[in-house]
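To start, the structure under review is shown below, and the notes come after it.
Because the structure is a prediction, the values reported are computed rather than measured. Position 1 is the first residue of the sequence; numbering continues from there. Only this structure's heavy atoms are used, side chains among them; waters, hydrogens and symmetry mates stay out.
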Amino acid sequence: MEVNIERADRVKNLPPYFFAEIDKMIDRAREEGVDVISFGIGDPDLPTPDHIVTAMKEAVSDPSTHSYPSYEGLYEFREAVCDWYDERFSVNLDPEAEIVSLIGSKEGLAHFPFCYINKGDLALVPDPAYPVYETAVVMAGGSTVSLPMTPENDFLVDLSEVPEEKLKKAKLLFINYPNNPTGAVANREFFREIVDYARKYEFLVVHDAAYSEIGFDGHEPPSFLEVEGAKEVGIEFGSLSKTFNMTGWRLGWALGNEEMIDALSTIKTNVDSGVFEAIQRAGITALKGDKSCIEKMQEVYKKRRDLLVSGLNDLGWDVKPNKGSFYLWIEIPESYEDSQEFSEDVFKETGVFLTPGIGYGDAGERFVRLALTVTEERIKEALDRLEEFFKLRR
């Protein structure tokens with residue numbers, strides 16, 4: 001006899017993970033023979049650089065890497081990240097106490113609210129935003145205060161618009177620059193304002209810097225930790241996924257405030273394990289080795305961005321080029337009510353997938369996101385299909 005046990009409320013109240021549902025829909029279409037061109041999930045199509053792959057092969061062949069890894073990560077890996085932060089951002093960090101390795105930064109972002117959020121506690125979350133921020137807070141028993149980001153404020157979080165009683169109650173603030181999904185960037189002055197707010201209202205700052213090495217048109221994304229006082233109030237999450245095209249490798253870190261790092265480490269030691277040591281050794285090679293692959297990656301994305309922006313504007317859109325991350329965030333035609341309807345119509349008629357902005361929050365309702373993880377040849381094909389789509393509606 002089948003035993004029927006009701007799921008926990010925390011699971012029942014969770015929506016299906018947005019990107020997982022997108023994957024399923026695209027897979028079904030491909031199985032039906034559709035030639036899909038997907039600007040959907042931001043998974044780099046460029047390969048991991050050869051010197052990193054070679055280091056991984058050597059490390060896997062070493063039996064010493066086959067044992068349980070340490071929870072906090074190899075000291076040599078943590079040291080390599082700290083050295084890179086010193087070189088790249090002039091930020092000095094203690095590899096013993098101010099960093100922990102992660103199985104990709106998503107894992108750490110999802111675990112972090114459990115360190116500080118009790119039932120009924122508040123967290124400040126941008127809208128639109130990477131869905132994991134809000135989901136993790138809700139899973140931990142808290143609730144979120146939405147921070148709408150609009151083109152008028154360059155998609156920067158504006159805490160002056162938040163009621164003071166909410167700021168006083170908030171425990172955490174999530175920010176993310178260069179931004180997913182909008183492609184917006186932030187400067188040091190913005191981060192200084194965030195630090196001032198955090199000190200005044202006594203909340204902690206969580207900066208997701210997964211796209212720190214993807215900047216265009218002269219913009220070099222700064223670290224939140226560059227700002228004086230940032231380490232007193234916050235931590236920064238980073239990853240090798242987008243920087244070195246290592247999304248499947250699952251290697252990242254959190255660093256900054258020592259107490260916050262210790263709290264996250266406490267959660268990790270109780271619920272998961274460390275990163276496979278061979279992957280960490282490859283990560284060391286990435287951080288200490290030849291960085292020319294980063295410049296080449298940026299050049300590829302810039303060419304794709306310029307091609308796509310020019311083509312979409314020729315079709316009647318008013319698209320501004322992003323200065324960071326590899327996403328374009330564009331408004332849907334006025335003839336459509338919402339992003340889901342527009343995305344579905346485009347996909348059904350053209351096989352071109354544009355991610356509906358509603359998946360990132362209510363403020364994304366009239367937008368779609370396009371990832372620059374598609375070759376120039378396929379971008380041209382997608383633009384041709386979109387031109388036919390709009391011809392039929394004129």
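With rounding to the nearest 0.5 Å, the separation of CD in Glu152 from CG in Asp158 is 12.0 Å. Separating the NE2 atom in His207 from the CD1 atom in Ile194 is a distance of 9.5 Å, to the nearest 0.5 Å. To the nearest 0.5 Å, atom NZ of residue Lys168 and atom CG of residue Leu122 are 14.0 Å apart. The OG1 atom of Thr373 lies 10.0 Å from the NZ atom of Lys242; values are rounded to the nearest 0.5 Å. Between atom OG1 of residue Thr355 and atom CG of residue Leu370 there is a gap of 7.5 Å, rounded to the nearest 0.5 Å. Note that OG1 of Thr247 is 7.5 Å distant from CG of Asn245, once rounded to the nearest 0.5 Å.
Two residues are said to be in side-chain contact when any heavy atoms from C-beta on lie closer than 4.5 Å; Pro113 and Val137 meet this criterion. Annotation: side chain of Ile279 is not in contact with side chain of Arg250 (no heavy-atom distance under 4.5 Å). For the pair Leu159/Glu193, no side-chain contact is recorded, criterion being any heavy-atom separation below 4.5 Å from C-beta on. Put simply, the side chain of Ile235 reaches to within 4.5 Å of the side chain of Ile261, judged on heavy atoms. Looking only at side-chain heavy atoms (C-beta outward), Leu354 and Phe342 come within less than 4.5 Å of each other. Side-chain contact between Glu98 and Leu255 is absent, with no heavy atoms from C-beta onward closer than 4.5 Å. In this structure the side chain of Phe77 reaches within 4.5 angstrom of the side chain of Leu287, judged on heavy atoms. Looking at Leu312 and Leu383, their side chains come closer than 4.5 Å, going by heavy atoms from C-beta outward.
With Ser310 contributing its side chain and Leu307 its backbone, the two residues share no donor-acceptor pair below 3.5 Å. Side chain of Arg369 to backbone of Pro356: no donor-acceptor contact under 3.5 angstrom is found. Without hydrogens or angle criteria, Asn153 side chain to Met149 main chain gives no donor-acceptor distance under 3.5 Å. His66 places a side-chain N or O within donor-acceptor distance of the main-chain N or O of Val60, the cut-off being under 3.5 Å. Here the side chain of Ser325 pairs a donor or acceptor atom with the backbone of Asn179 at under 3.5 angstrom. At distances below 3.5 Å, not a single donor-acceptor pair connects side-chain atoms of Asn180 with backbone N or O atoms of Tyr130. In terms of modelled atom types and a separation under 3.5 Å, the side chain of Asp127 and the main chain of Ala363 share a donor-acceptor contact. The backbone N or O of Val53 lies less than 3.5 Å from no partner atom in the side chain of Thr48, so there is not a single donor-acceptor pair. The main-chain N or O of Asp208 is found under 3.5 Å from a side-chain atom of Asn176 such that the two form a donor-acceptor pair. Between the side chain of Arg78 and the backbone N or O of Pro95 there is at least one donor-acceptor pair closer than 3.5 Å.
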Checking Glu277 against Leu74 for the side-chain contact (heavy atoms from CB on, under 4.5 Å) test, could you report, in this order, the C-alpha distance in whole Å, the side-chain angles of both residues, the deciding distance, and whether it holds?
CA-CA 7 Å; Glu277 190 172 302; Leu74 279 173; 3.4 Å; yes
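For Tyr177, the ring pair (Phe, Tyr, Trp, His ring centres under 6.0 Å) partners at least two apart in sequence or on another chain are Phe190. Applying the ring pair (Phe, Tyr, Trp, His ring centres under 6.0 Å) criterion to Tyr301, with sequence neighbours excluded, gives Phe326.
Within 6.0 Å of CG in Asp50 there are 12 or fewer heavy atoms belonging to other residues, nucleotides or ligands. Shown here is Glu202, whose CD atom has no more than 12 heavy atoms of other residues, nucleotides or ligands within 6.0 Å. Counting heavy atoms of neighbouring residues, nucleotides and ligands inside a 6.0 Å radius, atom CD of Glu337 does not exceed 12 of them. In the displayed structure, Lys200 atom NZ is contacted under 6.0 Å by at most 12 heavy atoms of other residues, nucleotides or ligands. Atom CG of Asp362 has 12 or fewer neighbouring heavy atoms from other residues, nucleotides or ligands inside a 6.0 Å radius. Environment of CD in Glu220: sparse, with no more than 12 heavy atoms of neighbouring residues, nucleotides or ligands closer than 6.0 Å.
Clustering ILVMFWY residues whenever any of their side-chain heavy atoms sit less than 4.5 angstrom apart, transitively, puts Phe276 in a cluster other than the one holding Tyr71. Hydrophobic clustering (ILVMFWY, side-chain heavy atoms < 4.5 Å, transitive): Ile358 and Phe367 are in distinct clusters. Using a 4.5 Å cut-off between side-chain heavy atoms of Ile, Leu, Val, Met, Phe, Trp and Tyr, with links allowed through other members, Leu251 and Leu46 fall into the same hydrophobic cluster. One hydrophobic cluster, built from ILVMFWY side chains closer than 4.5 Å, cannot hold both Val138 and Phe203; they sit in different ones. Linking ILVMFWY side-chain heavy atoms closer than 4.5 Å, directly or via other members, places Tyr68 and Ile103 in two distinct hydrophobic clusters.
Here Glu232 pairs with Arg199 in a salt bridge; the nearest charged N to carboxylate O distance falls below 4.0 Å. Taking 4.0 Å as the cut-off between side-chain N and carboxylate O, Asp35 and Arg378 count as a salt-bridged pair. At a threshold of 4.0 Å, the pair Lys380-Asp384 does not count as salt-bridged, since none of the basic side-chain nitrogens sits closer than that to a carboxylate oxygen. Salt-bridge check for Arg192 with Glu189: passed, with a basic side-chain N closer than 4.0 Å to an acidic carboxylate O. Salt bridge present: Glu107 and Lys268 bring a charged side-chain N and a carboxylate O closer than 4.0 Å. The pair Asp217-Arg305 counts as a salt bridge, with a side-chain nitrogen and a carboxylate oxygen less than 4.0 angstrom apart. Here Lys169 does not pair with Glu165 in a salt bridge; the nearest charged N to carboxylate O distance is not below 4.0 Å. With respect to the salt-bridge test (charged N to carboxylate O, under 4.0 angstrom), the residues Lys291 and Glu213 do not qualify. Electrostatic pairing of Lys323 and Asp154 does not count as a salt bridge here, judged by no charged N lying under 4.0 Å from a carboxylate O.
Ring geometry for Tyr85 versus Phe89: interplanar angle of 30 to 60°, hence tilted. Ring geometry for Tyr336 versus Phe389: interplanar angle under 30°, hence parallel rather than tilted (30 to 60°). Ring-plane geometry between Phe112 and Phe237 is classed as perpendicular, the angle between the planes exceeding 60 degrees on a 0 to 90 degree scale with a lower cut at 30.
Minimum interatomic distance between Leu93 and Cys82 (heavy atoms only, all atoms of both residues): CB-SG, 3.7 Å.
When only modelled atom types and interatomic distance are considered, Thr375 and Glu377 share no side-chain donor-acceptor pair under 3.5 Å.
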